[in-house]
Amino acid sequence: MAHLDLSEVADAFAAGIPSIIGQVDQLVRAIPPGSVTTYGDLAKSLGDSAASRWVATYLLDPACGVADLSHRVVRSTGEIGLHCSGSSETKTQLLRGEGVVINRGTIDLETHRLQLPPMVASLSKLKAWQRDFACPGEQAFHLSNVKSIGGIDVSYGKEQAISACARMQADGQTKIGTHTCTGEAKFPYITGYLAFREIPLHLHLLAEMQAAGKLPDVLLVDGNGRLHPRRMGIATMLGGLTGIPTIGVAKKLICGVVQAPELKVGKWEPIIASQDAPDEILGYAIMPHTKTKHPIYVSRGFGIDDTSMKEVVDRCLAGHRLPEPIYWADRESRQLASTR
DNA sequence: GCGACAG
DNA sequence: ATCTTGTCGC
């Protein structure tokens, strides 16, 4: 895998990501006066009803591309809901002006709801990409071969995003150095699709590190790996794309159930897919130190087994909630982001 | 009505 | 993730 040109990988990956915002704008512009749709219907049309929250967040932003038409999007209950102007009354007046009947703040969707066409090359495409993503053949992971451990994270400034990767010695505690890369995050944050927001910048950074001969032997990624609705979190994709063994480290649970009733410091507890599937271990929760009540959620990314994964993370735990490589990457990227 | 999902 | 004042604790 070392022969991969990460600069080419970066370009190819970015080229395959659709403009999800353009898709929503297009759908909203297609709603004629007198008709409405719902946040959930828009999300379904994009290919994933789980994106309805993002759709609502986007359309409630006065700076969104279709703020002048977003009054035509209401709640699935028929309630008018909020408006980007800040006033639901304004939304009501706009709709009434277009001939929509509103009783007690509610629209009869049977009458006014518009059938939206499915957007083929949208979230449905990315979802299929995640399901079908073929990771290259994985080499057996040998901790004894590890000379450096990396941690990678992104922070967001006013306009720019900064990806930072800290490199540590094999002890997981001694910092060698940090690399950073600045760019624009074009894809929005949608639960389940974090990879498409953050990986493009990560790949640019890793390409630079590759050119400098400074790629880490294993990489801790801020986010999940196998612990993901489709078992394809950002850590797994980033590893599969680069060939670098990866581990996902998240601060919140996205799915799955922690079996143990309580967590003890330093003890790894399995996270299962569900009570009905107790044999499917997606990852592990661990309380990283005494001073926090909040665990971290660790899952296999690419090119590593669960046992090695735990050994690597154990080496990296110190006085912070996050493993040292990610702690330093987070600190560095955040510091830079605050200036742009 | 309650619960809610990485960054 | 970011927006934000003071406040509690090591």
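Below, read A as the first sequence line, B as the second, and so on, with proteins coming before strands; counting in each chain starts at 1. FYI, side chains are in, hydrogens and waters are out, and symmetry mates aren't considered; it's all heavy atoms of this structure.
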Would you tell me if any nitrogen or oxygen in the side chain of [X] comes within less than 4.0 Å of OP1 or OP2 on [N]?
X        : N     : result
A/Lys251 : B/dG7 : yes
A/Lys252 : B/dA4 : no
A/Thr191 : B/dA6 : yes
A/Arg334 : C/dA1 : yes

Name the nucleic acid region contacted by [X], choosing base, sugar-phosphate or nothing; use a 4.0 angstrom heavy-atom cut-off, strictly under.
X        : answer
A/Ile234 : base
A/Gly192 : base
A/Asp222 : sugar-phosphate
A/Tyr193 : base

**OP:** Measure the distance between the ring centre of A/Tyr156 and the centre of the six-membered base ring of C/dA1, then answer whether it is under 5.5 Å with planes under 30°.
**Re:**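 Here A/Tyr156 fails the 5.5 Å or the 30° condition.
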Consider only side-chain N and O atoms of [X] and [Y], and report whether a donor and an acceptor are under 3.5 Å apart.
X        : Y        : result
A/Arg197 : A/Tyr156 : yes
A/Ser144 : A/His142 : no
A/Thr106 : A/Asn103 : no
A/Trp268 : A/Asp314 : yes

[N] [atom2] sits how many Å from [X] [atom1], rounded?
X        : N     : atom1 : atom2 : result
A/Glu198 : C/dT2 : CD    : C1'   : 13 Å
A/Leu201 : C/dA1 : CG    : C1'   : 14 Å
A/Gln160 : C/dT2 : CD    : C1'   : 16 Å
A/Leu227 : B/dC5 : CG    : P     : 12 Å
A/Tyr189 : C/dA1 : OH    : P     : 10 Å
A/Arg321 : B/dG7 : CZ    : P     : 8 Å
A/Ile152 : C/dA1 : CD1   : C1'   : 16 Å
A/Ile199 : B/dA6 : CD1   : C1'   : 13 Å

I want to verify a distance call: between [options], whose nearest atom is closest to the [X] side chain?
X        : options              : answer
A/Asp153 : B/dG7, B/dA6, C/dT2  : B/dG7
A/Arg53  : B/dC5, B/dA6, C/dA1  : B/dC5
A/Lys291 : C/dC10, C/dA1, B/dA6 : C/dC10

Subject >> Flag, side chain of A/Arg321 to backbone of A/Lys291, donor-acceptor distance under 3.5 Å >> reply: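 Checking the backbone N and O of A/Lys291 against the side chain of A/Arg321, no donor-acceptor pair under 3.5 Å is found.
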